[in-house]
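Order of the sequence lines fixes the chain letters, A, B, ..., with proteins taken first and strands second; residue numbering starts at 1 for each chain. All of these numbers come straight from a predicted model, not from anything done at the bench.
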There are 2 protein chains.
Amino acid sequence: MTATSLAAQLRAAPLFRDLDGALLAEVADIARPRELARDALLFRAGEPFRGFFVLLAGHVQLARLAPSGHEKVVEIIGPGETFAEAVLFLDGGSYPVDARALEDSRLLEIGAAGFNRLLDERPGLARNLLGAMSKRLHRLVQDVAALSLEDATGRVVGYLLAQAGAEEAGAEVRLPAKKAAIASRLGIQPETFSRVLGRLREDGAIEVAGETIRIRDPRRLHRNAQ
Amino acid sequence: MTATSLAAQLRAAPLFRDLDGALLAEVADIARPRELARDALLFRAGEPFRGFFVLLAGHVQLARLAPSGHEKVVEIIGPGETFAEAVLFLDGGSYPVDARALEDSRLLEIGAAGFNRLLDERPGLARNLLGAMSKRLHRLVQDVAALSLEDATGRVVGYLLAQAGAEEAGAEVRLPAKKAAIASRLGIQPETFSRVLGRLREDGAIEVAGETIRIRDPRRLHRNAQ
DNA sequence: CGCAGCCTTGAAAGCTATCAATACTAGTGG
DNA sequence: CCACTAGTATTGATAGCTTTCAAGGCTGCG
């Protein structure tokens, strides 16, 4: 893959979108393309940090494993998103979660050393990073709040509306992963997720067709939430 | 308050600790001292961002209010900590939580405009910010995971051990707020918190004396956790 | 056609929330 | 110095939601 095509792909990520061509080329220079087969591990929690990633295609889940064997999906990463940038700035520097491909995926690895050098030379990059991390922080705060303030139905409804983007009747949501993974992301069991969707469907709020969900009646959906 | 004494107080915050004197003075220049009485609101969720804060003395809670009236304490801020920095980099720019003083508190407000200018002139600052935000992100990921992976006892045990710093017998923890606030931070009801502490005490794992808790037997404590 | 993986549905158990009452503590005023 | 009060914490009983365990159904692929 040529460096210029790498640069073009980097532009797909909001983190790099507004960089000038020269800087983008420098980033592309240190980016290493990687393929990841479905179910393959990219890194494991506790491993020393070696770089962060830009997901070009596919889906990756970030999850934490409890000693009991249960796992909590913290986030599901989609195309264009970056992840593990924050680990770059922790002194201890080890990944806090496992990263696993939910489907065959294509990504770029940005090595720690090279990026750190870039960061020193081009301060504009730091701002972009701060923006990206702020968004992630904000989402996490929402998740923490939802986990304690809302019940299973409320969290499912919130998730569907967030994924749909707009709250219009007819909006369609494609679940980005198996339902068990989404359930974990929402902090519930797969069985509960299934039951909640069932109730929302019976109520006429949504239509479920495999992995796509159509929002029939946003108002009804809201009313079901906690 | 003179600018030099302000600078000295800024050094108490890890975010500013390693800044050179000149830069520290510039930060002090744009910092505004504020007093906050117990139970007073510093900002409300949804308010437009005007600046972030350094807590010099006291305790402040960041919480989110649900429509139902229930509130979830996302974080309890102690002396030396900064908060709401992340909001600076969100375009929409409004606080995502309420900030309320748990006791009479003293803090510094760092205005958005001035700090943004500093950030452009002195790129070193950005690195410090990235470090601070990374730590906060990491903690939030832990919280999210704990909320779904551990039961009430597990979360209380985790909190006590984290607050104690070391896992030695005899370590003492001073609860930084009323038990109801800690309970909310842990995602449980005050009654449940009380019951869990009671059980841990009966088991001989801890001793409770008002708002200070002594860890008698870390191993026993761990064994109680989920 | 048959199997494997995923999802759904059912029944029972468990944990935590909720509601309610009592105990405690610190600060106030007599 | 003691009584009182308001806020806070504990304890008890019950209800509700979610998990767990189990079985059946569905779908796509070999």
CZ/Arg44(B): more than 12 non-hydrogen atoms of other groups inside 6.0 Å: no
Side chain Arg195(B) and base dT18(C) donor-acceptor under 3.5 Å: yes
Nearest-Å distance for atom pair CG/P, residues Leu102(B) and dT8(D): 11 Å
Whole-Å distance separating the CD atom of Glu202(A) from the C1' atom of dT8(C): 12 Å
Validation row: Pro176(B), Ile182(B) side chains within 4.5 angstrom (heavy atoms): yes
Stepwise side-chain contact (heavy atoms from CB on, under 4.5 Å) check, Val141(B) with Leu62(A): CA-CA 10 Å; Val141(B) 166; Leu62(A) 307 181; over 6 Å; no
Nucleic acid footprint by protein, nucleotides 22-30 of chain D - heavy-atom cut-off 4.0 Å, B for base, S for sugar-phosphate alone: ---------
Side-chain touch Arg50(B)/Tyr95(B), heavy atoms, less than 4.5 angstrom: yes
Phe83(A) and Phe53(A) aromatic ring geometry - parallel, tilted or perpendicular at 30°/60° bounds: parallel
Spacing of Ile188(A) atom CD1 relative to dT8(C) atom P, expressed in whole Å: 12 Å
Nearest-Å distance for atom pair CZ/C1', residues Phe193(B) and dA17(C): 17 Å
Any Pro96(A) side-chain heavy atom under 4.5 Å of Arg64(A) side chain: yes
Side-chain (Arg174(A)) to main-chain (Thr212(A)) donor-acceptor, under 3.5 angstrom: no
Sub-4.5 Å side-chain heavy-atom contact between Val156(B) and Phe193(B): yes
Student check: side-chain heavy atoms of Ile110(A) and Thr82(A) closer than 4.5 Å: no
dT19(D) phosphate, OP1 or OP2, under 4.0 Å from Thr192(A) side-chain N/O: yes
Test ring-ring contact (aromatic ring centres under 6.0 Å, His included) applied to Phe115(A) - qualifying residues, sequence neighbours left out: Phe52(A)
Integer-rounded Å distance: dT18(D) P and Gln189(A) CD: 12 Å
Glu109(B) bridged to Arg32(B) by N-O distance under 4.0 Å: yes
Within residues 191-205 of chain B or reaching into it, pairs that qualify as side chain to side chain donor-acceptor pair (under 3.5 Å) - sequence neighbours excluded: Asp203(B)-Asn224(B)
For Leu15(A) against Ala132(A), the heavy-atom pair lying closest together: CD1-CB, 4.1 Å
Arg38(B) CZ to dA26(C) P, straight-line distance once rounded to whole Å: 13 Å
Nucleic acid contacts of residues 204-216 of chain A, taken as heavy-atom distances under 4.0 Å to DNA chain C: none
Contacting residues from residues 174-183 of chain B, given that a heavy atom lies under 4.0 angstrom of DNA chain D: Lys178(B), Lys179(B), Ala180(B)
Euclidean distance, atom CG of residue Asp39(B) to atom C1' of dG7(D) [Å, nearest integer]: 11 Å
Phe49(A) side chain reached by Leu90(A) side chain, heavy atoms, under 4.5 Å: no
Residues within residues 146-155 of chain B bordering DNA chain C, heavy-atom distance below 4.0 Å: Asp151(B), Ala152(B)
Atom pair distance, as rounded to whole Å: NE2 in His70(A) and P in dT18(D): 18 Å
